[in-house]
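Starting from 1, each residue takes its place in the sequence as its number. These numbers come from the heavy atoms of this one structure, side chains and all, not from hydrogens, waters or symmetry mates. Ligands are counted one by one from 1 in listed order, and the atoms in each one are counted from 1 as well.
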Amino acid sequence: MAGAVTRTRPISRASSAADAELTAQVLQGLAQQPKRLSPTYLYDARGSALFELICRQPEYYLTRTELAIMRRYGAEIAQRIGSRALLLELGSGASLKTRILLDRLPDLAAYVPVDISRSSLGAATRSIRESYPTLEVLPVEADFTRPFALPSARAEAARTIVYFPGSTIGNFDAGPAVELLALARSLAGPNGALIIGIDLVKDRELLLRAYDDAAGVTAAFNLNILERLNRELGADFDARSFRHAAVWNAAASRIEMHLESLLSQSVQLGGEAIDFAVGEPIITEHCHKYTRRSFGALAARAGWRVRASWSDERRFFSVLYLESRG
Ligand code: AVJ
């Protein structure tokens, strides 16, 4: 698979404070039992490009299904948003789904895409500005799980709509998910709203295939996290001695992305040795799957009430519109 993707050139970087912090966080995750890495590390330039490729794999129904829902119910969703809103998108990526909203919201006050990947954000901003020349686009390069500053728009907005598509919320365990939903609520303010995409519980085999596509793109995406640690932190992972595995954790209602060590081995990172037993996993991502009810309960803990929801015929995915509870 690696051959199908442009390789990021290896850059030797002077070690910075940011690298030292990243090293400390990575070591902390790898000291846990089971070993963990934050899914945010998956999204460097190469990881973000691979994620865009995942979205086009036949097994990865999520993006296609959410786009279909947005196209089909876009007018209704735009009506809920109303006029002169500010649209703030968390994890905007290529901003593809957003276009469906932008097409139907000609008087939007501003569009604020927030993304951790500079390359994705830059490309999306250029392309949105080209398609919507009168729209004010205010990109924010940030990890939205940490505090970030919001730019101020020229036009005064009637309300703020937080848009959080892609079932990215599924990457968060219950506690952090509630915190993030609460952050969305404070960003939206009392008369704002949240529009969120969630992936629904479905047949186990369908779920497993979506996270282990035949072309090996998801495997390459997952293994890239090790290559990134080598590139950026000077670790010496041999990516060929790990294998990607998608695991369904029924009790927690989530797919887990694992990287399993094929050997008993020791890896060097930041002056420390990390030992792996044969078959020992590093968990890189949790992808929670919800029911309307389970997600409604989670959102309620952050003060949200589901006001409207849209789904596809197979009930694979759902887009929800939420407002603050009275
Ligand atoms: C971007 C978090 C929504 O969980 O489906 C896709 C990431 N990981 N394939 C997801 C992902 C493996 C994706 N999200």
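Arg325 CZ: more than 12 foreign heavy atoms inside a 6.0 Å radius. Taking a 6.0 Å sphere around CD of Gln268, one finds it holds more than 12 heavy atoms contributed by other residues, nucleotides or ligands. By the 6.0 Å contact criterion, CD on Gln25 is enclosed, its count of non-hydrogen atoms from other residues, nucleotides or ligands being greater than 12.
A salt bridge is defined here as a Lys NZ or Arg NE, NH1 or NH2 lying under 4.0 Å from an Asp or Glu carboxylate O, and Arg84 with Glu156 fails to meet this definition. The existence of a salt bridge linking Arg80 and Glu323 is excluded, since no basic side-chain nitrogen approaches an acidic carboxylate oxygen closer than 4.0 Å.
Atom 11 (C) of ligand 1 has Glu285 OE1, 3.5 Å as its closest protein atom, hydrogens excluded (heavy atom only). Of the protein's heavy atoms, Gly166 O, 2.9 Å lies nearest to atom 3 (C) of ligand 1. For atom 4 (O) of ligand 1, the nearest non-hydrogen atom of the protein is Cys287 SG, 3.2 Å.
Interface of Tyr43 with ligand 1, defined as ligand atoms under 4.0 Å from a residue heavy atom, comprises 1 (C), 7 (C). The atoms of ligand 1 that sit less than 4.0 Å from any heavy atom of Ser167 are 3 (C). Listed by atom number, the atoms of ligand 1 under 4.0 Å from Met257 heavy atoms are 8 (N), 12 (C). Counting atoms of ligand 1 from 1 in the listed order, those under 4.0 Å from a heavy atom of Asn171 are 2 (C), 4 (O).
Judged by the 6.0 Å and 45° rule, Lys97 forms no cation-pi pair with Tyr163.
Backbone and side-chain nitrogen or oxygen atoms of Thr168 are examined, and none is located within less than 3.5 angstrom of a nitrogen or oxygen of ligand 1. At least one N or O atom of Tyr60, backbone or side chain, sits closer than 3.5 Å to an N or O atom of ligand 1.
Using a 4.0 Å heavy-atom cutoff, Phe172 is absent from the residues neighbouring ligand 1. In this structure, Gly170 does not count as a contact residue of ligand 1, since none of its heavy atoms falls inside 4.0 Å of the ligand.
Note on ring orientation: taking the six-membered ring where Trp is involved, the planes of Phe172 and Phe144 are tilted (angle from 30° to 60°). Taking the six-membered ring where the residue is Trp, Phe221 and Phe51 present tilted rings, their angle falling between 30° and 60°.
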